Amino acid sequence: MTDSANLAPARDQALEVRGLYEILEQRFNGATWSLNELMIGYSNDVGQIGRLLLARDGTWPIDGDADAELKHKLSETLWWVFVLADRLDIDIDQAFAETMSSIRGNLNNTITRTAPTPDAN
């Protein structure tokens with residue numbers, strides 16, 4: 001497993017779409033969304049994922065196909081992550097690779113440390 005991610009193509013697409021939103025925000029609002037407004041959009045979509053999971057389980061009624069909506073919202077929340085990382089000047093490709101490497105190392109250490117031992121009897 002490599003310690004690098006290749007999120008650049010997805011990030012580039014996300015930022016291109018964000019640029020289109022910014023054109024419309026300027027036209028309609030006279031300004032682009034602040035970091036806080038972006039975060040509210042992201043958290044709203046995350047909440048919708050929770051409701052769609054309930055809909056998928058049959059406990060929250062919706063109009064439409066819960067699976068199709070989940071695909072859309074999961075993709076959209078990934079888009080938000082790229083947008084937020086860009087706004088915060090975070091290299092998400094590097095951050096993701098470093099985070100996964102750290103988590104992987106910690107999990108492997110715990111797996112090794114907690115491995116069953118043969119009975120000494």
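Along the sequence shown, the residues carry numbers beginning at 1. Note that this is a predicted model, so its numbers are computed, not measured.
For S102, the side-chain contact (heavy atoms from CB on, under 4.5 Å) partners at least two apart in sequence or on another chain are N106. Here I49 pairs with L53, L70, K73, L74, T77 under the side-chain contact (heavy atoms from CB on, under 4.5 Å) rule; sequence neighbours left out. Annotation: salt bridge (Lys or Arg N to Asp or Glu O under 4.0 Å) contacts of R51 (sequence neighbours excluded): none.
Counting heavy atoms from C-beta on, the side chains of I23 and R27 come closer than 4.5 Å. No side-chain heavy atom of R113 sits under 4.5 Å from any side-chain heavy atom of N109. For the pair Q48/E76, no side-chain contact is recorded, criterion being any heavy-atom separation below 4.5 Å from C-beta on. Residues R104 and S101 are in side-chain contact: their nearest non-hydrogen atoms beyond the backbone lie under 4.5 Å apart.
Using a 4.5 Å cut-off between side-chain heavy atoms of Ile, Leu, Val, Met, Phe, Trp and Tyr, with links allowed through other members, I111 and M100 fall into different hydrophobic clusters. If you chain together hydrophobic residues whose side chains sit under 4.5 Å apart, L24 and I40 never meet in one group. Residues L20 and L15 are members of separate hydrophobic clusters, defined by side-chain heavy-atom contacts under 4.5 angstrom among Ile, Leu, Val, Met, Phe, Trp and Tyr. Residues I62 and V46 do not share a hydrophobic cluster, clusters being chains of Ile/Leu/Val/Met/Phe/Trp/Tyr side chains in contact below 4.5 Å.
For R87, the CZ atom sits in a packed shell: over 12 heavy atoms of surrounding residues, nucleotides or ligands are nearer than 6.0 Å.
Judged by distance alone, with hydrogens and angles left aside, the side-chain atoms of E98 form no donor-acceptor pair with the main-chain N or O of A95 at under 3.5 Å. Side-chain atoms of E22 do not come within 3.5 Å of backbone N or O of T32 as any donor-acceptor pair. Here the side chain of D86 pairs no donor or acceptor atom with the backbone of F82 at under 3.5 angstrom.
A distance of 12.0 Å separates CD of Q94 from CG of L7, quoted to the nearest 0.5 Å. Separating the CG atom in N36 from the OG atom in S43 is a distance of 10.5 Å, to the nearest 0.5 Å. For the atom pair CG (L52) and NE2 (H72), the distance works out to 9.5 Å, reported to the nearest 0.5 Å.
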Quiz item: Do L84 and L35 pass the side chain to side chain contact (heavy atoms under 4.5 Å, CB included) test, and can you show the C-alpha distance, the side-chain angles, and the key distance before you say yes or no?
Solution: CA-CA 7 Å; L84 289 166; L35 181 59; 3.8 Å; yes

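Annotation for I92 and A85: closest pair CB-CB, 3.8 Å, computed over non-hydrogen atoms.
Classified by interplanar angle (parallel below 30°, tilted 30° to 60°, perpendicular above 60°), the ring pair Y21/W79 is tilted.
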